[in-house]
Chemist: 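Before we start, here is the structure in question, set down as structure tokens.
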Amino acid sequence: MRKKKDIHFEISERKILLRIFDFISVLFSLYFVGIIFQFDYFNISATNYYWTIVLGLYLLFFGSVFEMYNLQVASNQYQVIKSIILTTSITVLSYLLTPIYTPVLPSNRLQILIFFFAIFGALFIWRMVYVRFFASNRFVKKVILVCDKEQVKELVDGLESADPHYRVLGFVNSDSTNLTDIDLKDIEHIDIDKLELFVKQNSISEVVIASQKTDGITVKLYNQLIYLLENGYIIREYTQVYENITQRIPVQYVSRDFYRYFPFSRSNQNHLYLIVVRFLEIIISLIGLALGLILIPIVLVGNIIGNKGKLFYTQERVGRNGKVFRILKFRTMVKNAEKAGAVFATSNDSRVTPFGKIMRKSRIDEFPQFYNILKGEMAVIGPRPERPIFVNEIAEVMPFYETRHVIKPGLTGWAQVNYSYGETIDDSLIKLQYDLYYIKHRSLFLDFNILFKTFSTVLFYRGQ
């Protein structure tokens, strides 16, 4: 069989591509602008190389904060333009206001405008090229699933929603007890005898095995998969694919074999990592408490007008190793909000006061939790602490839910920056997947990534 596969960039490759060409396009733009318009504020030379390094760091940092490297945003023409404007504006402003590491402020204001439009124009042109060509269908990854019939829709939705360039074209039904005809829109049911032909005609990149029923992997299917493997096609296991693409642990598919797929991160027992993190947490919590003190007069006035009740409230939450502690927050709900019993908060909860909505959107209500961080009951980054009643309720549905408690709960976390507010048990289970991914891959790099995404959440007013 002649191997024919289309070009496809993996998620990590796309993000690296975006960063490299963002930087290169800006440097080329500034170079040519300097020649054409006699622009002398920014010169690329061996003696001033650190100017270029600082510009690159600013550009990549603020690009991360304003979601320039979120593939969903990068593939959307209108969303990426908004990110380009914000990234360019803050990058230029920061660069101009740090003349110790950057050129001295230009006396001619026209130079500032040229500097801004040179960076904006470079990013705009390159990103429109990316949307038009690299985010087009010609670079999608075409995939076949081997799974049970009832799994198909959920599996496809989970993969394609995370990566807009991942396309499941067909599936082989591995459920030997249910071999009836299957009608799924845009996803073809492939007969085992026609698997080789389908792969060849559709330029399939890889085959993903997602079946939980080993008896469905018949000798005939097994031989077909081996034949594809021998001809250079990639055969991958679904949980690995899911984790790489979605950056979540697919706990619903590993069932009792969960811990085989979930080795704990070495960072959880790395004393140097834990000491560094704790030191940074103390510094951040002191800064957070100082800002909280500055905000208290504003919150107090807003509370008197819009909340009409106590300024603070405490509530029991489950911490590390299942130990219960009392979390401290600015109150955002009406008095006696749970007189009918404990319920999940919702995105448009009627119990939240008008001023409480403002505090939740801006995350101001979370500032008192820096006190919990200073005490060591919470971390800056980790799974959000849940109430004991909900922990028990969710743990009955998913027994390993309490695995979240092997580390301290956090003010922000991987689940908070990647998923909307949890309103139901199902939402909690999805957030659990993100929390377990963090516990598995915990590192300083991931911690900083979460902090960048948290800035984006606050700046884009996405709190709940």
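Along the sequence shown, the residues carry numbers beginning at 1. These numbers come from the heavy atoms of this one structure, side chains and all, not from hydrogens, waters or symmetry mates.
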Chemist: Any sub-3.5 Å donor-acceptor pair from Thr87's side-chain atoms to Ile84's backbone N or O?
Modeler: no
Chemist: So Lys440 and Ile249, side-chain contact (heavy atoms from CB on, under 4.5 Å) or not? Walk me through it.
Modeler: CA-CA 9 Å; Lys440 180 177 179 179; Ile249 301 293; 3.7 Å; yes
Chemist: Can you tell me how far apart CD1 (Ile282) and CD1 (Ile287) are? Round to the nearest 0.5 Å.
Modeler: 12.0 Å
Chemist: Please report the closest heavy-atom contact between Leu155 and Ala210, naming both atoms and the distance.
Modeler: CD1-CB, 3.7 Å
Chemist: Under 4.5 Å between any side-chain heavy atoms of Leu195 and Leu228, yes or no?
Modeler: yes
Chemist: State whether the number of non-hydrogen atoms from other residues, nucleotides or ligands found under 6.0 Å of Tyr273 atom OH is greater than 12.
Modeler: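 It does: Tyr273 OH has more than 12 such atoms within range.
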Chemist: Where the side chain of Asn372 meets the backbone of Arg326, is there a donor-acceptor pair that is under 3.5 Å apart?
Modeler: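 Side chain of Asn372 to backbone of Arg326, a donor-acceptor pair under 3.5 Å: yes, one is there.
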Chemist: Report yes or no: does Trp414 contribute a side-chain atom to a donor-acceptor pair with the main-chain N or O of Gln247 at less than 3.5 Å?
Modeler: yes
Chemist: Does the Asn303 side chain pair with the main chain of Val299, one donor and one acceptor, at a distance under 3.5 Å?
Modeler: no
Chemist: Could you check whether any side-chain N or O of Thr88 sits under 3.5 Å from a backbone N or O of Ile119, counting only pairs where one atom can act as donor and the other as acceptor?
Modeler: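 The answer is no, because no donor-acceptor pair under 3.5 Å joins these two groups.
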Chemist: Please state whether the rings of Phe62 and Tyr58 are parallel, tilted or perpendicular, taking 30° and 60° as the class boundaries.
Modeler: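 Answer is tilted, since the angle falls between 30° and 60°.
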Chemist: Mind listing the closest non-hydrogen atom pair of Asp22 and Leu59 along with its distance?
Modeler: O-CD2, 3.9 Å
Chemist: Would you mind reporting whether Ile204 and Val143 have side-chain heavy atoms less than 4.5 Å apart?
Modeler: no
Chemist: Under 6.0 Å between ring centres: does that hold for Phe452 and Phe61?
Modeler: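 Distance test on ring centres: under 6.0 Å, yes.
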Chemist: May I have the step-by-step check of ring pair (Phe, Tyr, Trp, His ring centres under 6.0 Å) for Phe367 and Phe370, ending in yes or no?
Modeler: CA-CA 6 Å; Phe367 270 87; Phe370 284 111; 5.8 Å; yes
Chemist: So does Ile190 get a backbone contact from the side chain of Glu188, meaning a donor-acceptor N/O pair under 3.5 Å?
Modeler: no
Chemist: Hydrogens and angles aside, do Arg19 and Tyr69 bring a side-chain donor and acceptor to less than 3.5 Å of each other?
Modeler: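 Tyr69 and Arg19 do not have a side-chain donor-acceptor pair below 3.5 Å.
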Chemist: For a 4.5 angstrom cut-off between non-hydrogen side-chain atoms, does Arg320 reach Lys408?
Modeler: yes
Chemist: Is it true that His441 and Glu243 share a donor-acceptor pair across their side chains at a distance under 3.5 Å?
Modeler: yes
Chemist: Take Phe312 and Phe330 through the test ring pair (Phe, Tyr, Trp, His ring centres under 6.0 Å) and record every step on the way to the result.
Modeler: CA-CA 4 Å; Phe312 298 98; Phe330 286 127; 5.1 Å; yes
Chemist: Determine whether a donor-acceptor pair (N or O, by modelled atom type, separation under 3.5 Å) exists between the side chain of Asn270 and the backbone of Leu272.
Modeler: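 Checking the backbone N and O of Leu272 against the side chain of Asn270, a donor-acceptor pair under 3.5 Å is found.
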Chemist: Atom CD of Gln369 and atom OG of Ser285: how far apart are they, to the nearest 0.5 Å?
Modeler: 12.5 Å
Chemist: Rounded at 0.5 Å granularity, tell me how far CG in Leu97 sits from OG1 in Thr102.
Modeler: 8.5 Å
Chemist: Would you say that Ile234 contacts Ser205 through its side chain, given a criterion of any heavy-atom pair below 4.5 Å between the two side chains?
Modeler: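 Sidechains of Ser205 and Ile234: no contact.
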Chemist: Can you tell if the side chain of Gln315 reaches within under 4.5 Å of the side chain of Ile327, non-hydrogen atoms only?
Modeler: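 Yes; the side chains approach each other to less than 4.5 Å.
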Chemist: Got a donor-acceptor contact below 3.5 angstrom from the Thr98 side chain to the Tyr101 backbone?
Modeler: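 Between the backbone of Tyr101 and the side chain of Thr98 there is no qualifying donor-acceptor contact (under 3.5 Å).
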Chemist: Mark yes or no: Arg248 above the aromatic ring of Tyr434, with NZ or CZ under 6.0 Å from the six-membered ring centre and no more than 45 degrees from the axis.
Modeler: yes
Chemist: Run the side-chain contact (heavy atoms from CB on, under 4.5 Å) test on Glu206 and Tyr233 for me, step by step, so that the C-alpha distance in whole Å, both residues' side-chain angles and the decisive distance to 0.1 Å come before the verdict.
Modeler: CA-CA 6 Å; Glu206 68 182 29; Tyr233 287 90; over 6 Å; no
Chemist: Check the pair Ile81, Arg127 against side-chain contact (heavy atoms from CB on, under 4.5 Å), reporting the backbone distance first and the verdict last.
Modeler: CA-CA 9 Å; Ile81 289 175; Arg127 287 309 188 99; over 6 Å; no
Chemist: Can you give me the closest heavy-atom contact between Arg236 and Asn244, atom names plus distance?
Modeler: NH2-ND2, 2.9 Å
Chemist: Could you tell me the separation between the CG atom of Leu60 and the OG1 atom of Thr91, rounded to the nearest 0.5 Å?
Modeler: 9.0 Å
Chemist: For the atom pair CG (Leu221) and CG (Asn173), what is the distance rounded to the nearest 0.5 Å?
Modeler: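 The CG atom of Asn173 is 10.5 Å from CG of Leu221, to the nearest 0.5 Å.
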Chemist: Grab the two heavy atoms, one from Pro409 and one from Phe325, that are nearest each other, plus how far apart they are.
Modeler: CG-CE2, 3.9 Å
Chemist: Which atoms form the tightest heavy-atom contact between Asn202 and Leu169, and what is the distance?
Modeler: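 Heavy atoms only, the tightest pair is CB-CD1, 3.9 Å.
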Chemist: When you compare the side chain of Tyr222 with that of Val219, does any pair of heavy atoms fall below 4.5 Å?
Modeler: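 No. Closest side-chain heavy atoms not under 4.5 Å.
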Chemist: Do Asn449 side-chain atoms and Phe445 backbone N/O form a donor-acceptor pair below 3.5 Å?
Modeler: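 No, the answer is negative, given that no donor and acceptor are paired below the 3.5 Å cut-off.
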Chemist: Are Gln433 and Tyr242 close enough that a side-chain donor and a side-chain acceptor fall under 3.5 Å?
Modeler: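 Per modelled atom types, Gln433 and Tyr242 side chains form a pair under 3.5 Å.
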Chemist: How far apart are the closest heavy atoms of Ile298 and Phe355, and which atoms are they?
Modeler: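 Result for this residue pair: O-CZ, 4.2 Å.
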Chemist: If we ignore angles and hydrogens, is there a donor and acceptor under 3.5 Å between the side chains of Tyr438 and Asp447?
Modeler: yes
Chemist: In terms of relative ring orientation, are Trp126 and Tyr130 parallel, tilted or perpendicular, with 30° and 60° separating the classes?
Modeler: perpendicular
Chemist: Kindly determine whether Ile144 and Phe171 satisfy side-chain contact (heavy atoms from CB on, under 4.5 Å), including the steps that lead there.
Modeler: CA-CA 5 Å; Ile144 290 175; Phe171 80 101; 5.6 Å; no
Chemist: Please round to the nearest 0.5 Å and tell me the distance separating atom OG of Ser75 and atom CZ of Arg14.
Modeler: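 Separation between the atoms: 6.5 Å.
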Chemist: Around Phe23, counting heavy atoms of other residues, nucleotides and ligands shown, do more than 12 lie under 6.0 Å from its CZ?
Modeler: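 More than 12 heavy atoms, drawn from other residues, nucleotides or ligands, come within 6.0 Å of this atom.
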Chemist: Determine whether Leu411 and Ile373 make a side-chain contact, defined as any pair of heavy atoms from C-beta on separated by less than 4.5 Å.
Modeler: yes
Chemist: Check Glu366 with Arg384, please: is the shortest side-chain N to carboxylate O separation under 4.0 Å?
Modeler: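 Answer for the salt bridge query: yes.
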Chemist: Is a side-chain N or O of Arg317 found less than 3.5 angstrom from the main chain of Pro385, in a donor-acceptor match?
Modeler: yes
Chemist: If we only count heavy atoms from C-beta on, is the Arg360 to Thr332 side-chain gap below 4.5 Å?
Modeler: yes
